[in-house]
Visitor: 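My questions all concern the structure below.
Quantities reported herein were computed from a predicted structural model and do not represent experimental measurements.
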Amino acid sequence: EVRLVESGGGLVQAGGSLRLSCAASGFTFDDYAIAWFRQAPGKQREPVAGINNNDGQIFYMDSVEGRFTLSVDNVKNMAYLQMNRLEPEDTAVYYCAANFARGSAWYPNRRYELYDNWGQGTQVTVSP
């Protein structure tokens, strides 16, 4: 059974940092794409960053480029999202998602509907 568990969210002041973690189990981590999405109240789920563990391709959404860093630990089956210089606009529930990607040119993908496996989410709140 594929399982993704996020942690590390919280309340932080603007300009601060948080590191989100995603603990993965039940699948061969190296064969999957891992992505972070976020959803603020009343807004659509949007892709923050993603990586294809199979070939290392990575993407970031424009508004977080240079502030956020996605990394993975293929030994521990962990994915991380280091978030620096946080802004109130970053406030959202952050989700970790995964999908099989070995041999696929579709990943990492920004479309949330192409990920079959999701964590429960972790709340990030950035105060002004």
Visitor: Below 4.5 Å, heavy atoms only, C-beta onward: do Val2 and Phe100 meet side chain to side chain?
Guide: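 Contact flag for Val2/Phe100 side chains = no.
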
Visitor: Flag the pair Asn53 / Phe29 as yes when at least one side-chain heavy-atom distance between them is below 4.5 Å, and no otherwise.
Guide: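 Counting from C-beta outward, Asn53 and Phe29 do come under 4.5 Å.
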
Visitor: Going by the angle between their ring planes, with limits at 30° and 60°, are Trp118 and Tyr112 parallel, tilted or perpendicular?
Guide: perpendicular

Visitor: Taking Met83 as the starting point, is it possible to reach Val12 by hopping between hydrophobic residues whose side chains are less than 4.5 Å apart?
Guide: yes

Visitor: Can you tell me if Gln44 uses its side chain to pair, donor with acceptor, with the backbone of Gln39 under 3.5 Å?
Guide: no

Visitor: Do you know the tightest heavy-atom contact between Pro108 and Gly50?
Guide: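 In terms of heavy atoms, the two residues are closest at CB-C, 3.7 Å.
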
Visitor: Give a yes or no on whether Val93 and Val48 share a hydrophobic cluster (residues Ile, Leu, Val, Met, Phe, Trp, Tyr; joining criterion: side-chain heavy atoms under 4.5 Å apart).
Guide: no

Visitor: Less than 4.5 Å apart, side chain to side chain, heavy atoms only: is that true for Cys96 and Ile34?
Guide: yes

Visitor: Working to the nearest 0.5 angstrom, can you tell me the gap between Leu70 CG and Leu81 CG?
Guide: 6.0 Å

Visitor: Quick check against the 3.5 Å criterion: does Asn117 have a side-chain atom that pairs as donor or acceptor with the backbone of Ala98?
Guide: yes

Visitor: So if you build clusters from Ile, Leu, Val, Met, Phe, Trp, Tyr with side-chain heavy-atom gaps below 4.5 Å, do Val64 and Tyr80 land together?
Guide: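 No.
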
Visitor: Please check: side-chain N/O of Asn52 versus main-chain N/O of Ala33, any donor-acceptor pairing under 3.5 Å?
Guide: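 Looks like no, no N/O pair under 3.5 Å.
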
Visitor: Taking Ser104 for its side chain and Trp106 for its backbone only, find out whether a donor-acceptor pair lies under 3.5 Å.
Guide: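 Present.
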
Visitor: Centres of the Tyr94 and Phe37 rings: under 6.0 Å?
Guide: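 Ring centres of Phe37 and Tyr94 not closer than 6.0 Å.
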
Visitor: If we ignore hydrogens and angles and just use 3.5 Å, is the side chain of Arg110 paired with the main-chain N or O of Pro47 as donor and acceptor?
Guide: no

Visitor: I'd like to check Thr122 versus Leu20 (side-chain heavy atoms, cut-off strictly below 4.5 Å). Are they in contact?
Guide: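 A side-chain contact exists here, since the closest heavy-atom pair is under 4.5 Å.
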
Visitor: Would you indicate whether the side-chain heavy atoms of Trp36 and Tyr95 approach each other to under 4.5 Å?
Guide: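 Side-chain contact under 4.5 Å: no.
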
Visitor: For Gln13, does the CD atom sit with more than 12 other heavy atoms under 6.0 Å from it, leaving out its own atoms?
Guide: no

Visitor: Do the side chains of Leu18 and Val124 get nearer than 4.5 Å, heavy atoms only?
Guide: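 Yes, their side chains come closer than 4.5 Å.
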
Visitor: Backbone N or O of Gly26 within a donor-acceptor pair of the Glu1 side chain at under 3.5 Å?
Guide: no

Visitor: Supply the atom-to-atom distance Phe27 CZ to Asp30 CG, rounded to the nearest 0.5 angstrom.
Guide: 10.0 Å

Visitor: Over all heavy atoms of both residues, which pair between Tyr32 and Thr28 is shortest? Give the atoms and the distance, please.
Guide: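 In this case the closest contact between Tyr32 and Thr28 is CD1-O, 3.3 Å.
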
Visitor: Could you check whether Arg111 pairs with Glu113 (Lys NZ or Arg NE/NH1/NH2 to Asp/Glu carboxylate O, under 4.0 Å)?
Guide: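 Between Glu113 and Arg111 there is a salt bridge, with a charged N closer than 4.0 Å to a carboxylate O.
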
Visitor: For the OG atom of Ser21 and the CE atom of Met78, what is their distance to the nearest 0.5 Å?
Guide: 4.5 Å

Visitor: With Tyr107, which residues qualify under ring pair (Phe, Tyr, Trp, His ring centres under 6.0 Å), at least two apart?
Guide: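 With sequence neighbours excluded, Tyr107 shows a ring pair (Phe, Tyr, Trp, His ring centres under 6.0 Å) to Tyr115, given in chain and number order.
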
Visitor: Salt bridge or not for Asp90 and Arg38, using N-O below 4.0 Å?
Guide: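 Result for this pair is yes, salt bridge flagged.
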
Visitor: Testing the basics here: between Pro128 and Pro88, what is the closest heavy-atom pair and its distance to 0.1 Å?
Guide: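 Closest pair (atom of Pro128, atom of Pro88, distance): CA-CG, 4.0 Å.
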
Visitor: Go through the steps for Asn54 and Asp31 under the test side chain to side chain contact (heavy atoms under 4.5 Å, CB included), then give the verdict.
Guide: CA-CA 5 Å; Asn54 197 227; Asp31 288 341; 4.3 Å; yes

Visitor: Going through the distances and angles, do Thr91 and Gln123 end up as a side chain to side chain contact (heavy atoms under 4.5 Å, CB included)?
Guide: CA-CA 8 Å; Thr91 295; Gln123 176 71 46; 4.0 Å; yes

Visitor: Is it the case that the side chain of Gln82 and the backbone of Arg19 share a donor-acceptor pair, with hydrogens and angles ignored and the cut-off at 3.5 Å?
Guide: no

